Amino acid sequence: MKIRIKGLSLGLVILLASFNVSKGQKTKSLTRYVNTFIGTAPLTDSAILGYNLPQGWRSWAGLTFPGSSMPNAMVQLSPITEYGSGAGYEYEDNMIYGFTHTNKGHWNLCNIPILPISENPVPDKDGKFGSHFSHKKESSAPGFYQVYLDDFGVNVSLTSTLRTGYHKYEYKNKTGRKILFDLARANNRVGNWKIEKIGTRDLQGFQNVGEVIYFYAKLNTDIERLEKQEEGSRKGFAMVHLADGGKEPVELKIGLSFVSVENAKENLEKEIGAKTFNQIRTEGTQTWENILSLIQVKGGTEKQKQMLYSSLYRSLLWPALRSDVNGEYTDAKRKAGKADFNYYTEPSLWDTYRNKDVLLGLISPKVALDVIKSMKDVGDKTGFIPTFFHGDHGASSIVGAYLRGIDNFDVEGTYKLLLRNANVSPGARPHLEEYIQKGFISDPDIANPHVETKANAGVSKTLEYSYDDYSLAQMAKKLGDTANYRILMARSQNFKNMFDPSTRFMRGRLANGDWIKNFNPQYPYYEYMYREANAWQVSFFAPHDMPGLIKLYGGPAGFESKLDSLFTVPWNPNYIARNVETMIGQYCQGNQPDHEAPFAYHFIGKPEKSQKIIDKILNELYGIGPEGLALSGMDDAGEMSAWYVLSSLGMYTFSATDPEYLVTAPLFDEITWKTNTNKTLTIKKPGKGRGITAIKVNGVENKGYFVSHDLFKNGGNIEIITK
């Protein structure tokens with residue numbers, strides 16, 4: 001276990017963060033609430049985690065990066081303190097090994113590491129060059145990062161555009177200045193790399209990590225020589241020796257491309273060109289201010305505002321742009337193509353379909369549209385819409401956007417590909433034939449299964465495919481495809497085949513239909529019966545048919561009793577699955593599979609029970625730990641953050657496919673949301689009560705707890721009456 005840097009109270013951290021992010025700004029702005037360090041500190045409290053961290057473990061909480069990025073950008077320029085550590089930056093570390101240009105927070109990327117150094121540095125035992133640093137000499141804001149490298153006497157400032165990074169190095173010494181291109185390192189395994197000097201001040205090259213990332217860099221000072229150690233190898237590096245300088249900072253501008261060096265250079269020329277560091281930083285700040293200001297709030301505490309805008313910021317970092325300014329990109333077959341839309345990486349669909357993809361469409365509909373077009377392009381090249389990790393949730397993500405009015409794409413062509421996902425095997429859905437034939441996916445009966453046991457995750461797959469079938473059925477319905485609508489809706493009921501009435505859990509089945517005998521509902525698995533979950537955590541998942549799920553439990557009373565137990569049966573601290581963490585009873589906020597469960601009481605007319613749990617999560621499981629910088633689980637490309645944004649605003653996407661929102665009590669007295677149709681949605685909650693007694697929509701009392709997406713299309717007012 002690494003040593004944690006201690007000492008700052010949460011209030012002081014917020015105050016310092018507000019000072020750092022607003023340094024040099026003359027007027028107050030919403031960007032001042034964004035603390036990019038949230039999620040970088042480790043979660044160590046066993047009372048929150050649910051278990052004691054084994055020796056040498058770091059919990060998988062947070063995994064965010066503090067560096068500079070624009071919304072959904074190709075370049076995410078951030079410090080790296082440890083390779084192979086999620087986002088590369090861990091708050092408790094005290095060494096920086098470089099500044100990398102891609103990120104996500106999921107054990108990959110962290111490409112093109114660059115580090116300014118001075119004199120004759122000595123690498124560590126692993127061959128890494130690095131410098132000590134202190135958080136006292138570190139600051140950040142959306143589109144900006146700064147740190148002082150103690151060992152080298154260099155103050156580093158970073159900013160970025162969509163496809164470029166802008167480095168500024170203020171060297172204490174004007175002689176012996178060097179810049180390390182540590183191209184043998186990344187969070188992915190590096191195959192080979194190359195760098196060469198162009199003229200007196202430019203550099204170009206690539207790093208191959210399974211996909212090739214090209215770069216073109218310009219310096220504002222002469223390069224004395226380029227030293228290359230074992231170019232192309234996994235141990236080599238390149239050292240740029242700079243000519244002795246005067247008082248001006250060294251500036252390095254770098255463009256990236258996944259297509260070619262020429263495109264990287266063009267990206268650099270078009271996005272930075274002759275602009276200064278301060279110009280690029282100011283433009284970046286304004287970009288973030290514009291997007292954050294779409295949602296404005298009154299009331300709430302300073303911490304709640306910080307968590308809202310920090311979470312909204314993190315929700316908008318991924319998917320990442322992959323096409324260049326000229327429209328070229330590298331497709332799923334690793335071939336260059338060209339499009340009239342921005343090409344993006346595939347969403348982290350197992351995580352983000354629940355809420356983050358919907359939030360992206362509400363805030364950045366053009367990005368959401370282009371993400372769908374990019375997924376369609378993958379489908380055109382491979383035959384299937386991409387999935388991510390588990391399930392087939394491109395169906396929910398795409399159909400949800402379509403039903404909310406994001407429809408300026410090849411709807412028929414995309415629909416046909418989604419039908420292939422749902423019906424063609426082998427393809428996007430593992431074990432699809434068994435699912436269609438039997439209505440469930442089986443697992444073997446393993447005598448002594450453990451957390452890492454590999455099998456079919458049949459329960460989770462069956463439940464998720466059922467929801468995916470429901471999602472696609474809604475597209476079939478809108479397109480008038482009655483035959484497929486009926487087939488898919490029938491299949492959407494397959495979740496019931498996993499329910500064992502004798503135990504009142506979703507339980508694994510053998511191929512012959514018998515229940516798996518070796519069954520412990522509290523034990524978590526990564527891929528046996530359940531995916532990163534236990535039986536408790538998946539047994540409330542049927543967001544498309546909650547009445548049907550409630551009936552399985554014998555009606556509202558039986559469902560309520562079982563749901564109560566989810567949040568009260570103590571977690572066994574001996575059951576350790578590293579990312580199944582942060583427990584309220586058996587409920588796991590630190591991972592995704594049961595993120596809809598706190599809202600389930602609404603379906604039996606007990607919203608006050610849901611609100612109590614939602615409030616506990618919002619107020620106690622975000623921005624936690626001694627520094628106030630820890631999260632209760634892995635942010636997973638913004639899913640954890642989007643959960644906070646929507647829940648704190650009182651508008652949760654219980655079934656992300658359906659164009660409606662479950663209303664809960666927001667943390668704020670008044671919310672003004674500028675919609676993507678340039679209308680305004682106002683949400684008011686007068687009074688301090690947390691128990692909802694009535695919901696009024698445009699002055700008329702609402703029936704039930706759901707409101708239509710039409711409020712985002714047309715604008716309107718929601719008044720939430722509480723006691």
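The model shown is predicted, which means the values in this text are computed figures rather than measured ones.
When all heavy atoms are compared, the tightest approach of Leu109 to Asn188 is N-OD1, 2.6 Å. Nearest heavy atom pair, residue Thr31 against residue Glu289, reads N-OE1, 3.2 Å. Counting all heavy atoms, side chain and backbone alike, Leu77 lies closest to Tyr166 at CD2-N, 4.1 Å. When every heavy atom of Pro66 is checked against every heavy atom of Ser140, the shortest pair comes out as O-CB, 3.8 Å. In terms of heavy atoms, Gly165 sits closest to Ile272 at O-CD1, 4.0 Å. Closest non-hydrogen pair, Ala401 versus Ile372, comes out as CB-CD1, 3.7 Å.
Stacking of Arg314 on the aromatic ring of Trp318 is not recorded, the 6.0 Å distance cut-off and the 45° axial limit not both being met. Arg281 forms a cation-pi arrangement with Phe144, by the criterion of a distance under 6.0 Å to the ring centre and an angle within 45° of the ring axis. Judged by a 6.0 Å distance limit and a 45° cone about the ring axis, Arg420 is positioned over the six-membered ring of Phe384. Stacking of Lys376 on the aromatic ring of Phe409 is not recorded, the 6.0 Å distance cut-off and the 45° axial limit not both being met.
Residues Tyr415 and Asp481 have side chains that bring a donor and an acceptor to within less than 3.5 angstrom of each other. A donor-acceptor contact closer than 3.5 angstrom links the side chains of Thr657 and Ser396. A side-chain N or O of His393 and one of Glu464 form a donor-acceptor pair less than 3.5 Å apart. Remark: the Tyr644 side chain and the Asn355 side chain contain no N/O donor-acceptor pair separated by less than 3.5 Å. Between the side chains of Asp377 and Tyr329, at least one donor-acceptor pair of N or O atoms lies under 3.5 Å. No side-chain donor-acceptor contact under 3.5 Å links Asp370 and Tyr343. For the residue pair Asp658/Gln474, the side-chain donor-acceptor check at 3.5 Å is not satisfied. A donor-acceptor contact closer than 3.5 angstrom is absent between the side chains of Thr482 and Lys477.
Rounding to the nearest 0.5 angstrom, the gap separating the CG atom in Leu417 from the CG atom in Leu419 is 9.0 Å. The line from CG of Leu316 to CH2 of Trp288 is 5.5 Å long, rounded to the nearest 0.5 Å. The line from CZ of Arg491 to CG of Asp469 is 4.0 Å long, rounded to the nearest 0.5 Å. Distance check, rounded to the nearest 0.5 Å: OG of Ser397 to CD of Glu346 gives 12.0 Å. Taken from OG1 in Thr285 to CD1 in Ile280, the straight-line distance is 11.0 Å, to the nearest 0.5 Å. Taking OG from Ser160 and CG from Leu256, the interatomic distance works out to 11.0 Å, rounded to the nearest 0.5 Å.
Judged purely by atom type and a 3.5 angstrom limit, Ser310 has no side-chain atom pairing as donor or acceptor with the backbone of Met307. In this structure, Thr675 contributes its side chain and Lys713 its backbone to no donor-acceptor pair below 3.5 Å. With hydrogens and angles ignored, the 3.5 Å screen pairs no side-chain donor or acceptor of Arg429 with any backbone N or O of Val424. With hydrogens and angles disregarded, no donor-acceptor distance shorter than 3.5 Å links the side chain of Asp324 to the backbone of Asn326. Between the side chain of Ser323 and the backbone N or O of Glu328, no donor-acceptor pair lies under 3.5 Å. Although no hydrogens or angles enter the test, the distance criterion places a donor-acceptor pair under 3.5 Å between the side chain of Tyr622 and the main chain of Met640. Side-chain atoms of His101 come within 3.5 Å of backbone N or O of Ile112 as a donor-acceptor pair. Judged by distance alone, the side chain of Lys218 and the main-chain N or O of Ile254 form no donor-acceptor pair under 3.5 Å. Side-chain N or O atoms of Ser641 include none that pairs as donor or acceptor with a backbone N or O of Tyr313 at under 3.5 Å. One N or O on the side chain of Asp331 and one on the backbone of Arg334 form a donor-acceptor pair closer than 3.5 Å.
Annotation: side chain of Ser364 is in contact with side chain of Ile291 (closest heavy-atom distance under 4.5 Å). Contact check for Asn72 versus Leu162: no side-chain heavy atoms found under the 4.5 Å cut-off. By the 4.5 Å heavy-atom criterion applied to side chains, Val190 and Leu183 are not counted as neighbours. Side-chain contact between Pro666 and Ile671 is present, with at least one heavy-atom pair separated by less than 4.5 Å. Counting heavy atoms from C-beta outward, Asp545 and Tyr470 have side chains that stay 4.5 Å or more apart.
The aromatic rings of Tyr467 and His544 are tilted relative to each other, their planes meeting at an angle between 30° and 60°. Taking the six-membered ring for Trp and thresholds of 30 and 60 degrees, Tyr309 and Tyr33 have nearly parallel ring planes, at less than 30 degrees apart. Aromatic ring orientation, Tyr145 versus Phe99: tilted (interplanar angle from 30° to 60°).
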Do Thr36 and Val34 pass the side-chain contact (heavy atoms from CB on, under 4.5 Å) test, and can you show the C-alpha distance, the side-chain angles, and the key distance before you say yes or no? CA-CA 6 Å; Thr36 68; Val34 176; 4.0 Å; yes
Derivation and outcome, side-chain contact (heavy atoms from CB on, under 4.5 Å), residues Thr164 and Lys253: CA-CA 7 Å; Thr164 73; Lys253 307 171 186 178; over 6 Å; no
*asked:* Could you go through Lys356 and Ser348, starting from their C-alpha distance and side-chain angles, then the distance that decides it, and tell me whether this counts as side-chain hydrogen bond (donor to acceptor under 3.5 Å, both in side chains)?
replied: CA-CA 10 Å; Lys356 183 261 169 81; Ser348 299; over 6 Å; no
Check: Going through the distances and angles, do His390 and Glu527 end up as a side-chain hydrogen bond (donor to acceptor under 3.5 Å, both in side chains)?
Finding: CA-CA 10 Å; His390 204 255; Glu527 208 167 353; over 6 Å; no
**Message:** As a quick check of understanding, evaluate side-chain contact (heavy atoms from CB on, under 4.5 Å) for Asn456 and Lys461, giving each step before the final call.
**Reply:** CA-CA 8 Å; Asn456 300 337; Lys461 280 189 174 67; 5.6 Å; no
Please walk me through it: do Val411 and Leu479 pass side-chain contact (heavy atoms from CB on, under 4.5 Å)? CA-CA 9 Å; Val411 173; Leu479 293 175; 3.9 Å; yes
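Centroid-to-centroid, the aromatic rings of Phe599 and Tyr652 come within less than 6.0 Å. A ring-centre distance under 6.0 Å is not found for Tyr89 and Phe65. A ring-centre distance under 6.0 Å is found for Trp673 and Phe712.
Heavy-atom neighbours of Lys381 NZ from other residues, nucleotides or ligands within 6.0 Å: above the threshold of 12. No more than 12 heavy-atom neighbours from other residues, nucleotides or ligands sit within 6.0 angstrom of NZ on Lys270. Within a 6.0 Å radius of CD in Glu433, no more than 12 heavy atoms belonging to other residues, nucleotides or ligands are found.
Remark: Lys275 engages Glu283 in a salt bridge, criterion side-chain N to carboxylate O under 4.0 Å. At a threshold of 4.0 Å, the pair Glu271-Arg163 counts as salt-bridged, since one of the basic side-chain nitrogens sits closer than that to a carboxylate oxygen.
Among Thr102, Asn187, Asn103, the one residue that satisfies the side-chain hydrogen bond (donor to acceptor under 3.5 Å, both in side chains) test with Asn111 is Thr102.
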